[in-house]
Number of protein chains: 2
Amino acid sequence: MHKPENLKNAGLKSTLPRLKVLQLFETSKERHLSAEDVYKLLVSSGEVVSLATVYRVLTQFQQAGLLMQHHFESGKSVFELNSGEHHDHIVCLQCGHVEEFFDAAIEVRQEKAAVEHDFAIRDHALYIYADCTKKNCSRGSR
Amino acid sequence: MHKPENLKNAGLKSTLPRLKVLQLFETSKERHLSAEDVYKLLVSSGEVVSLATVYRVLTQFQQAGLLMQHHFESGKSVFELNSGEHHDHIVCLQCGHVEEFFDAAIEVRQEKAAVEHDFAIRDHALYIYADCTKKNCSRGSR
DNA sequence: TCGCGAATGATAATTGTTCTCATTTGAGAA
DNA sequence: TTCTCAAATGAGAACAATTATCATTCGCGA
Ligand SMILES: [Mn+2]
Ligand SMILES: [Mn+2]
Ligand SMILES: [Zn+2]
Ligand SMILES: [Zn+2]
C-alpha cells in the first residue's frame, strides 16, 4: 500500500495525506470522487486529513497528470485516476451513476468543428445527462 | 419594446423586472450572459433590478423554456435566448469568446452511446475549450 | 378602485472552494 | 542518527456564486 514512487516521479514529495488520497482513488469502489467524497471517505476510514489539504492535493494531482477533473452539473467537480485514455461521461440525473464511453467519430468531428471556426482546440467536455436503468436507481446520491 | 405577450404565454405574469431582463437578452450585443452580466448591464443602463431578482427571473425563464442555461468551466453559468435550435459551444480559454456549432453526426453518436449503455438520454452538454484567433483576444473578459 | 396572492428588494445564509498563517513534517546535510 | 529548513498541513477565515428569508410592493381580476 506504500507507493511513494508514483508521487516521486510526478514531482511531488511523498507525504502522508498525499499517499492516503492516492490510495483511496486506487482502492475506492467509486471511480469518480468529489473533494467532499474523498474527505468523508478518509474520515470514515479513520484517516484524518483536513479538507483544505484534500482540495490542495486533488489540484496538485490533477496538475501533475495523476488525476482528471470533471465538472458535472451537480455543482461540485469530481476527480478520477488518469487512465491515459480519454473518455466522456454519461451521468444519471436520478442516482448520479456515471458511465464512461469513447466515440472516435465524435472526437474527430469536434476537432473538425474547432478548425472550421478557427480555434485551436485544447480540451473538451462532453456530458450526457440521462436516466439510467439500474434497479436501485432513483435514490439520489452525490 | 413592450412585449408582455411573451411572458404571458410562458405562464409568467408581466412584471417590470421580467420585461427588462427579457428585453436585455433581445437587444444585447453579447448572446451569452451570466447573472452578473445581466445585473451589471441593467444597472449601467439605469435600470434598477436586484441581483436576487435577476437570479430568480433567469431561473424562471429557463424553466419556462425562454432561456437556455449552460455551465462553462468559468464557474458561473450563462444564459441565452432559446432559439429552439440546439447547438453546442466552443469557448476561448483566453478571452471567453463563444462560438456556436451544430454537428448532426455528433448528435446521432451521442444518442447511440446512451442507448448502448441503457440510458434514456435527457440532455447533453458539449463544450470545446480552445484558443481563438481574434486579433483582440487574450484580454480576459467574463 | 380594492384586495390579495405573487413578485421584489435587501440582506442573511449556504455551498463549494481558496487563502492565510502558525505549526508540523520529511528529505537531505552534517 | 540528528539537525535544518523549505515545503506541506490544519484550522479556520475569506470568497464567489447562488439560494433562502421575510417584510414590502405590485399587477391583475373582482
Ligand atoms: Mn471517467
Ligand atoms: Mn449558445
Ligand atoms: Zn440512475
Ligand atoms: Zn480568444
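Just so it is clear: chains get the letters A, B, ... in the order the sequence lines come, proteins before strands, and each one is counted from 1. Hydrogens, waters and symmetry mates play no part in the numbers below; they use all other heavy atoms, side chains included.
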From B:Met68 atom CE to B:Glu85 atom CD, the distance as rounded to the nearest 0.5 Å: 12.5 Å
If each of A:Pro17 and B:Ala52 is mapped to the nucleotide of DNA chain D with the nearest heavy atom, which maps nearer the 5' terminus, i.e. the 5' end? A:Pro17
What is the separation between atom CG on B:Asp37 and atom P on D:dA16, rounded to the nearest whole Å? 16 Å
Report the nucleotide, chosen from C:dG9, D:dT18, C:dT18, that has the shortest atom-to-atom distance to any side-chain atom of B:Val49. C:dG9
Go through the steps for A:Thr59 and A:Arg56 under the test side chain to side chain donor-acceptor pair (under 3.5 Å), then give the verdict. CA-CA 5 Å; A:Thr59 300; A:Arg56 278 186 294 238; over 6 Å; no
Gap between atoms CG and C1', on A:Leu42 and D:dG10 respectively (whole Å): 14 Å
Rounded off to whole Å, could you give me the CZ-to-P distance for the A:Phe61 and D:dA8 pair? 11 Å
Side-chain N,O (B:Tyr55) to OP1/OP2 (D:dT19) below 4.0 Å: no
Touch check for A:Arg56, heavy atoms < 4.0 angstrom, all strands: base, sugar-phosphate only, or nothing? base
Just the rounded figure in Å: distance from C1' of D:dA17 to NZ of B:Lys40. 12 Å
Distance, rounded to the nearest Å, where A:Leu51 contributes CG and C:dT17 contributes P: 9 Å
Find the distance between OG (B:Ser45) and CD (B:Gln23) and round it off to the nearest 0.5 Å. 8.5 Å
Can you tell me if A:Ser77 touches the phosphate of C:dG16, counting only side-chain N or O atoms and a distance under 4.0 Å to OP1 or OP2? no
Select one nucleotide: of C:dA7, C:dA27, C:dG16, the one nearest the side-chain heavy atoms of A:Glu36. C:dG16
Is the phosphate of D:dG10, meaning OP1 or OP2, less than 4.0 Å from a side-chain N or O of A:Thr53? yes
Any side-chain N or O of A:Ser34 under 4.0 Å from OP1/OP2 of C:dG16? no
Between C:dT8 (C1') and B:Leu58 (CG): distance, integer Å: 15 Å
Report yes if at least one side-chain N or O of A:Thr15 is closer than 4.0 Å to OP1 or OP2 of D:dT9; otherwise report no. yes
Name the residue closer to the 5' end of DNA chain D, choosing between B:Gln69 and B:Lys13 according to the nucleotide with the nearest heavy atom. B:Gln69
For atom CZ of B:Arg18 and atom P of D:dG27, their distance in whole Å: 11 Å
Quick one: do B:Asp88 and B:Glu107 satisfy side-chain contact (heavy atoms from CB on, under 4.5 Å)? Show the steps, please. CA-CA 10 Å; B:Asp88 291 298; B:Glu107 302 294 321; 3.1 Å; yes
Atom NE2 of A:His71 and atom P of D:dA16 are separated, to the nearest Å, by 17 Å
A:Glu99 and A:His97: side chain to side chain donor-acceptor pair (under 3.5 Å), yes or no, with the steps? CA-CA 7 Å; A:Glu99 284 282 324; A:His97 174 65; 2.9 Å; yes
